[in-house]
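As structure tokens, the structure follows; a few thoughts come after it.
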Amino acid sequence: MGQSAKAVVARELGKPVVVERIDVEAPRHGEVTIRLAACGVCHSDLSATNGTIPYPMPLVLGHEGAGVVIAVGDGVSRYAIGDHVVSSFVSMCGRCHYCQTGRPQLCVQSLQALYTLPDGTVRTRDSTGLPLNVFCGCGVMAEVATVHTDNLVKIDRQMPLDRAALIGCGVMTGVGAVVNTARVEAGSVAVVFGCGGVGLNAVQGCAIAGAGMIVAVDTSDPKLDLAKQFGATHTFNVSGHENVGKALYKLTGGGADYAFDCVGLGKVSEQAWGVLRRGGTAVIVGIAGPKDQITLNAQQVALSEKTLTGSYYGSARPAQDFPRLIGLYRGGRLKLDELITRTYSIDQAPQAFADLTQGGEGRGVIIFDAA
Ligand SMILES: [Zn+2]
Ligand SMILES: [Zn+2]
């Protein structure tokens, strides 16, 4: 039995998102249907609507959702109706080179599930019967979604679903970049560029890892104030600064051990590289536009022994890391309540995207009433 549900759809590049009623088909082999409780509005969703990350339209948005399983397809043994789940925007086949070597965030199946389910088809159609693509195999900015279980992680039913949703992208990406990718050492010096949804989580990841000095960098004072709540020991507003690298080098007393570009701009990645002390590690977390480039001095790369690395999805192993992050939240070590700065009904989704474009701080979350 299919379901009729409201969904947030990107119809035309550069145009506002629309909320429309769609048909969601019943789950096929290996899939489940979930009723969403909450879905975060992520910068990557916005990037899909404006072409920064190229996606074929029409596209059901959403990849940071949590909800309850309401139907189970054939061949699904690990999930039952009533289970609580969080979406993973990487699909984890469990069999490829990357899954088998502990790096499911690079799973090859994800490349086949960029805008469909892993089998290359979708369960979503609009009112005229036209198939609708789904963001990264998820499309969970909808009241109901049919998703492959390779894109889900089961969580404890006691965990509030609106908080849990945030773990599905922003929290995992930011905290993971620090603890999984960079493996920040206690007492070290870290600089985080960009204090949006992901950057705030990189800041709190540094705090959880015990970094001694955490410098939050942004152009917005309200975002920097929020970064302090998440553990930044210092803040730096780049607006009006001629030489950001020099100023940060001075502030950190000779350079940082770790720097994180959570903006996703080649220019910012270069600043992250530039602020490192010798032997330091710069991590590119934000997703830059497809033509953006980075220029480094080749000689200095060798002489300085610095490392430049990417971090995709916080080098997540979702099945292990989501429960760990929930454990940190329950232990009072991971801030999720404070991350949710605005909530919206699904009908208010266009406003949520407008607010994100304006650069509102923290995370906006769509709360669905039916769950
Ligand atoms: Zn995201
Ligand atoms: Zn795989």
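FYI, the numbering just counts along the sequence from 1. Atoms within a ligand are numbered from 1 in the order they appear, just like the ligands themselves.
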> Going by side-chain heavy atoms closer than 4.5 Å, which hydrophobic residues are tied to L248, directly or by a chain of links?
Replying inline: V189, V191, F193, M213, V215, V217, F236, V238, V244, L251, V263, L265, V268, V275

>> For C42 versus L356, what's the shortest heavy-atom pair and its separation?
In response: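 Shortest heavy-atom contact: O-CD2, 3.5 Å.
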
> Considering all heavy atoms of both residues, which atom of I214 and which atom of A207 are nearest to each other, and what is their separation?
Replying inline: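 For I214 versus A207, the nearest heavy atoms are CD1-N, 3.5 Å.
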
> Are F135 and Y55 an aromatic pair by the rule of ring centers under 6.0 Å?
Replying inline: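 Ring centres of Y55 and F135 closer than 6.0 Å.
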
>> If the condition is side chain to side chain donor-acceptor pair (under 3.5 Å), which residues does Y329 pass it with, not counting sequence neighbours?
In response: D337

>> Under the rule for side chain to side chain donor-acceptor pair (under 3.5 Å), what residues qualify as partners of K335, not counting sequence neighbours?
In response: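 For K335, no residue satisfies side chain to side chain donor-acceptor pair (under 3.5 Å) once neighbours in sequence are set aside.
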
> What protein N/O/S atoms are found closer than 2.8 Å to the Zn ion (ligand 2)?
Replying inline: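 Sorted hits: C93 SG, C96 SG, C99 SG, C107 SG.
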
> Within less than 2.8 Å of the Zn ion (ligand 1), any N, O or S from H43?
Replying inline: no

